[in-house]
Amino acid sequence: MSRVRTADDLRRLLATAAAEAPPMHLEPDAVIAAAQARRRRTMWRAVGTLGAAAVLVTALVLGLTGPLGELRSSTEPASVPEWDTTRDFSAVVETGLSAYDGEELHGPVPALEVTRSAGAERFTVTDTTNGEQLDGAPAQGLPGSELFAGEDYAVLLIPAPRGVDGRSTEWLFDWSALGNSGVGQTARVVDDGGQTLLVHAMAAATPVPPDAVGEVVWVVDGTIGLASGEEVQQAEVESAGERLVVWRSPGSDLVGTFQDPPSPLMASHFTRYALYRSPVRGEGAEGQVSRLWSFVVLPEGAQQVRAVLDDEVGTVVPFETVPLGPETLAYRLLDGVEVAQSDTGVWDVAWRDASGEPRHLSDLARDAG
Amino acid sequence: MGGESDEEFAGFVRDASPRLLAAAWLLTADRHSAEELVQDALERVYLRWPRLRSGQPLAYARKVMTNLHTDRWRRRRREVLVEAVPERPASERPSPPGGAGVDVVRALQQLPPRERQVVVWRYYLDQSEQRTAEELGVSPGTVKSSASRGLARMRELLSEGDESRAHSR
């Protein structure tokens with residue numbers, strides 16, 4: 001006769017089996033150290049980290065998804081303004097930042113006076129509380145930008161185009177150069193009526209090396225720009241009343257998204273064979289997202305793009321396509337209460353190339369080694 | 001994070017990990033896989049600790065754990081498909097160590113992964129149908145049917161075990 005006749009029998013047996021499990025142990029410090037290492041590794045992959053899993057069929061039944069509206073695709077040269085050195089510039093900037101000493105945030109960072117006299121080659125940044133000037137150096141790779149080191153914080157000054165919104169700009173520094181010592185950043189826009197200076201501040205326990213400043217991304221009138229001046233390709237898509245700008249910079253090897261202002265930009269290191277995800281603006285973090293953009297950059301001419309699904313969980317929401325520079329952006333909007341779990345339902349992405357031949361993302365990734 | 005927040009998280013790990021590890025053991029029947037699964041899940045909890053600390057970090061940890069477990073068996077199944085390597089039948093897998101609970105753990109491994117998760121969530125972790133559905137990312141109806149099938153299958157498997165033992169005596 002079976003030892004399991006009722007649910008309570010099974011409960012009792014499972015409890016016994018768990019009690020007889022081999023000794024297992026996790027050291028909290030080891031978990032924390034591994035998590036911090038994971039954060040450093042994944043910092044450049046910010047866009048797609050919404051975790052895994054399934055989309056409820058209800059979203060499909062309700063027909064909540066599907067592309068609508070006009071599509072726009074363009075390749076925009078980034079506009080990096082030259083600083084007018086014939087004029088004096090002076091501003092006091094409240095960064096709104098708390099400094100970070102490697103253990104905890106403290107602060108706030110003092111108000112900073114930023115000046116540049118007519119004819120001067122460099123900016124000066126002065127701590128208004130003690131009159132001390134911060135050490136500065138040109139930011140490598142960002143023409144006209146300068147990096148300053150304060151006590152437990154760093155300040156990056158970037159000449160920016162007029163109309164730039166401080167809420168929709170992102171400093172993408174080289175996280176690996178900072179270890180775990182950089183946390184949080186703020187952005188302020190200073191416009192003296194003639195010129196615009198973008199002031200990014202970051203809490204950093206160790207100085208940011210000038211060759212690790214990375215990139216700064218901004219939006220002006222819906223167009224993405226990079227402080228490096230690298231070319232940006234972007235496509236605007238719309239689905240179920242939501243709009244999304246997907247942008248890519250081959251030169252900076254970045255990909256990202258932008259939604260209506262004042263939403264923040266999202267940016268990530270570009271991985272060719274990745275399916276990216278970006279939550280619809282205003283929604284929460286992993287596990288709380290109910291609408292999610294999903295996109296992938298495919299070779300030119302890709303058509304009939306679809307996700308290859310697990311047989312048990314997944315979504316049949318089709319991808320739409322639009323040109324993104326010389327390539328194809330395939331995108332879809334997922335919608336449903338379990339959308340945060342959509343990842344595990346997707347095994348692969350399949351499409352037909354310009355000649356009608358079936359292709360798979362996994363094959364490209366494997367061929368690329 | 002740092003200082004007080006890390007200490008708080010460390011306390012959470014100490015409190016939550018024994019039961020999570022046991023659940024992972026029931027899911028995987030392998031000590032190292034179980035530790036890896038729980039460690040991975042807790043790392044993700046740590047990264048969101050400032051937001052989770054005042055909410056339900058344990059529920060989040062369980063949800064991440066089941067997603068990771070699902071990912072792993074799917075990856076393994078995919079590798080099997082690609083490499084055309086037949087999955088070893090359960091009878092050829094290494095037996096997990098242990099005493100009277102061994103049969104139960106071995107029987108669990110013969111359930112389909114989703115059914116196994118539901119059984120562990122409902123009957124070991126004692127989660128409600130609704131909570132199980134939320135954490136496993138399936139509908140309450142799927143939980144109900146999986147739990148019912150899982151219970152029936154466990155009854156059958158453990159009955160077979162008893163019979164084979166009786167025959168070998």
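The figures that follow rest on heavy atoms only: side chains count, while hydrogens, waters and symmetry mates do not. Order of the sequence lines fixes the chain letters, A, B, ..., with proteins taken first and strands second; residue numbering starts at 1 for each chain. Quick caveat, the model's predicted, so the values are computed rather than measured.
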> Show your working on side chain to side chain contact (heavy atoms under 4.5 Å, CB included) between A:M24 and B:W25 and close with a plain yes or no.
CA-CA 9 Å; A:M24 293 178 285; B:W25 157 253; 3.6 Å; yes

> Are side-chain heavy atoms of B:L151 and A:T6 found at a separation under 4.5 Å?
no

> Check the pair B:V119 / A:L14 against side chain to side chain contact (heavy atoms under 4.5 Å, CB included), numbers first and verdict last.
CA-CA 9 Å; B:V119 165; A:L14 289 171; 4.0 Å; yes

> Select one option (side chain, backbone, both, neither) describing which atoms of B:L20 are under 4.5 Å from chain A's heavy atoms.
neither

> Using non-hydrogen atoms and a 4.5 Å limit, figure out which bit of B:L42 sits close to chain A: side chain, backbone, both or neither.
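Interface part for B:L42: both.
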
> Would you indicate whether A:E151, at its atom CD, is surrounded by more than 12 heavy atoms from other residues, nucleotides or ligands within a distance under 6.0 Å?
no

> Where is the tightest heavy-atom contact between A:A35 and B:L47, given as atom of each residue plus distance?
O-CD2, 3.4 Å

> Give me the atom names and distance for the closest heavy-atom approach of B:M154 to A:L10.
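The pair with the smallest heavy-atom distance is CE-CD1, 4.0 Å.
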
> Kindly indicate, with the supporting measurements, whether the criterion side chain to side chain contact (heavy atoms under 4.5 Å, CB included) is fulfilled by A:L13 and B:Y123.
CA-CA 9 Å; A:L13 284 174; B:Y123 301 123; over 6 Å; no

> The criterion is side-chain hydrogen bond (donor to acceptor under 3.5 Å, both in side chains); which residues satisfy it with A:H25, sequence neighbours excluded?
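Partners of A:H25 by the side-chain hydrogen bond (donor to acceptor under 3.5 Å, both in side chains) criterion, ordered by chain and then number, come out as A:E27.
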
> Nearest 0.5 Å, what's the CD-CD1 distance between B:E7 and A:I32?
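Taking CD in B:E7 and CD1 in A:I32, the distance rounds to 9.0 Å.
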
> Of all heavy-atom pairs between B:Q39 and A:A30, which one has the smallest distance, and what is that distance?
NE2-O, 3.7 Å

> Quick check against the 3.5 Å criterion: does B:R155 have a side-chain atom that pairs as donor or acceptor with the backbone of A:R5?
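Checking the backbone N and O of A:R5 against the side chain of B:R155, a donor-acceptor pair under 3.5 Å is found.
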
> Using only atom types and a distance under 3.5 Å, with no angle test, would you say the side chain of B:R14 pairs donor to acceptor with the backbone of A:P28?
no

> Ignoring hydrogens, what is the shortest heavy-atom contact between A:P23 and B:R31? Give both atom names and the distance.
O-NE, 3.2 Å

> Quick check: do B:L21 and A:L26 have side-chain heavy atoms less than 4.5 Å from each other?
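Result yes, sub-4.5 Å side-chain heavy-atom pair found.
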
> As an exercise: rank A:A19, A:A15, A:A7 by heavy-atom pairs under 4.5 Å with chain B and give me the winner.
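Ranked by heavy-atom pairs under 4.5 Å with chain B, first place is A:A7.
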
